[in-house]
Amino acid sequence: MDKAAMRAEAERLMREAMENKALVVKHGNTVIMATCGKCGAVTKVSAPKGESRVDYVCKECGAKQRTI
Ligand SMILES: [Zn+2]
């Protein structure tokens, strides 16, 4: 393997690692099943990793609230 090929291989591996990282971040989102305090309907809320309190709007009655 010559130097150019080695550099190309290193770049490819780095690009793959970055793509994997992006994928992990994307899949790191937490899905919270939030129960509406007004009508009791359950709404699926997507929250960033480590975040459990996010604002959302109930899909049934439209009440704005925050997950607990
Ligand atoms: Zn509701």
Side-chain angles (χ1 to χ4, degrees):
M1 203 186 275
D2 61 19
K3 272 186 179 168
M6 277 172 73
R7 195 160 52 230
E9 175 74 1
E11 275 175 11
R12 191 181 64 81
L13 288 173
M14 200 132 79
R15 199 158 48 236
E16 272 184 12
M18 276 167 71
E19 278 168 5
N20 285 342
K21 206 170 174 184
L23 215 66
V24 167
V25 170
K26 196 177 167 191
H27 281 270
N29 277 7
T30 314
V31 173
I32 300 170
M33 300 304 283
T35 306
C36 177
K38 198 174 172 189
C39 72
V42 176
T43 305
K44 236 190 228 177
V45 184
S46 173
K49 195 177 172 72
E51 192 76 54
S52 61
R53 291 182 70 83
V54 287
D55 293 318
Y56 77 101
V57 176
C58 174
K59 68 171 196 273
E60 288 296 324
C61 68
K64 280 183 191 170
Q65 55 206 300
R66 179 165 286 200
T67 59
I68 302 165

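Being a predicted model, the structure only gives us computed values, none of them experimental. Each ligand, and each atom within it, is numbered from 1 in the order the structure gives.
Take the Zn ion (ligand 1) and draw a sphere of radius 2.8 Å; the protein N/O/S atoms inside it number 4.
Shortest non-hydrogen contact noted between Ser52 and Ile32 is O-CD1, 3.6 Å.
How far CD of Gln65 is from CG of Asp55: 9.5 Å, rounded to the nearest 0.5 Å.
Arg12 pairs by the salt bridge (Lys or Arg N to Asp or Glu O under 4.0 Å) definition with Glu9, Glu16, not counting sequence neighbours. The side chain to side chain contact (heavy atoms under 4.5 Å, CB included) check on Lys59 picks up Thr43, with sequence neighbours excluded. Residues that satisfy the salt bridge (Lys or Arg N to Asp or Glu O under 4.0 Å) test with Asp2, not counting sequence neighbours, are absent from this structure.
Remark: Met14 CE is loosely packed, at most 12 non-hydrogen atoms of other residues, nucleotides or ligands lying under 6.0 Å away.
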